[in-house]
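Contents: one structure, followed by commentary.
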Amino acid sequence: MRYELVIFDNDGVLVDSEPLSNTLLAGYLTELGHPTSYEDSLRDYMGAALHRVHDLVLERSGERLPADFDDVFHARVFAAFERELQPVPGVVEVLEKLVAEGVPYCVASSGSHERIRVGHRTTGLDRWFGQGRVFSSEDVGRGKPAPDLFLYAAERMGVAPEKCVVIEDSPLGVQAAVAAGMDVYGFTAMTPAERLKDADGLFGDMRELAGLLG
């Protein structure tokens, strides 16, 4: 395999959480008086840390979201995860191949550490992502599309950026990987290919990834 580190996004790449979380986010924003459709949420917030939601709502409406917005939203998301969350089909096979070939990997997510842990525990992916393999936007000053999170993950894993590849499903994540000087493959299961056009390659089925990585 030509890469020394594979960096996975989490939501939509490892765990099939984007439909759940964006449905809940759209509903909660609408409930608070900021009408948002599921499609709006995917377009504006998919792949972003929650501070982007606060920033865009303030910019568009002049109103701040409630102080407990993050806590309430996370509680709703975690409850939905416990009921319904599944791993992305084919991702376990990819992880098995990486382990068999001795290729280091990690996750670098806009979500909080707690969100990542809950999702991995619920889906059984926690056995693949132990301590030292999980990085969150909480660990850095700026989330995606800034490159900080991917650069931090590479530094902690001891691999130069140019020897890393990122697996992403959001335009913000692709932008961050490009800015970090890393190759990036765009997963188009939920995102139209044209929105990931800056990626080095595109694939629509996780089972295709091992072949792309060489």
(request) Consider only side-chain heavy atoms of I, L, V, M, F, W and Y, link residues closer than 4.5 Å, and tell whether V13 and Y105 are in one cluster. (result)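 Looking at the clustering, Y105 is in the same group as V13.
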
(request) State plainly whether one hydrophobic cluster holds both V15 and W128, where clusters connect Ile, Leu, Val, Met, Phe, Trp and Tyr through side-chain heavy atoms under 4.5 angstrom apart. (result)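 Both belong to a single hydrophobic cluster.
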
(message) Please confirm whether the ring centroid of F135 lies under 6.0 Å from the ring centroid of F150.
(response)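 Centroid distance F135-F150: not below 6.0 Å, so no.
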
(message) With side chain to side chain contact (heavy atoms under 4.5 Å, CB included) as the criterion, how do D9 and L14 come out once you've worked through the C-alpha distance, each side chain's angles and the decisive distance to 0.1 Å?
(response) CA-CA 7 Å; D9 176 42; L14 295 176; over 6 Å; no

Verify the distance criterion only: is there a donor paired with an acceptor across the side chains of [X] and [Y] at less than 3.5 Å?
X    : Y    : result
D169 : T191 : no
S109 : N10  : no
D183 : Y3   : yes

(message) Once you measure the plane-to-plane angle for H74 and F78, does it fall in the parallel (<30°), tilted (30-60°) or perpendicular (>60°) bin?
(response)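 Parallel.
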
(message) Can you tell me how the ring of H120 sits relative to the ring of F129, calling it parallel under 30°, perpendicular over 60° and tilted otherwise?
(response) tilted

Let me confirm one number: the [atom1]-[atom2] distance from [X] to [Y], rounded to the nearest 0.5 Å.
X    : Y    : atom1 : atom2 : value
L58  : H51  : CG    : NE2   : 14.0 Å
D205 : L209 : CG    : CG    : 10.0 Å
R121 : I116 : CZ    : CD1   : 13.0 Å
T23  : R76  : OG1   : CZ    : 13.0 Å
D44  : R60  : CG    : CZ    : 4.0 Å
Y185 : E168 : OH    : CD    : 14.5 Å

Do any N or O atoms from the side chain of [X] and from the backbone of [Y] form a donor-acceptor pair under 3.5 angstrom?
X    : Y    : value
R195 : S170 : no
E84  : F81  : no
D139 : S136 : yes
T30  : T36  : yes
E18  : M190 : no

What heavy-atom pair brings [X] and [Y] nearest, and what distance separates the two atoms?
X    : Y    : answer
A210 : K97  : CB-CD, 3.2 Å
V184 : A177 : CB-CB, 3.7 Å
M157 : G132 : SD-O, 3.5 Å

(request) Would you indicate whether the side-chain heavy atoms of V57 and L29 approach each other to under 4.5 Å? (result) yes

(message) One pair to check against ring pair (Phe, Tyr, Trp, His ring centres under 6.0 Å): F203 and F187. What are the steps and the verdict?
(response) CA-CA 5 Å; F203 66 106; F187 184 39; 5.1 Å; yes

(message) Run D55 and R52 through salt bridge (charged side-chain N to carboxylate O under 4.0 Å, His left out) and show every step you take.
(response) CA-CA 5 Å; D55 292 347; R52 178 177 171 85; over 6 Å; no

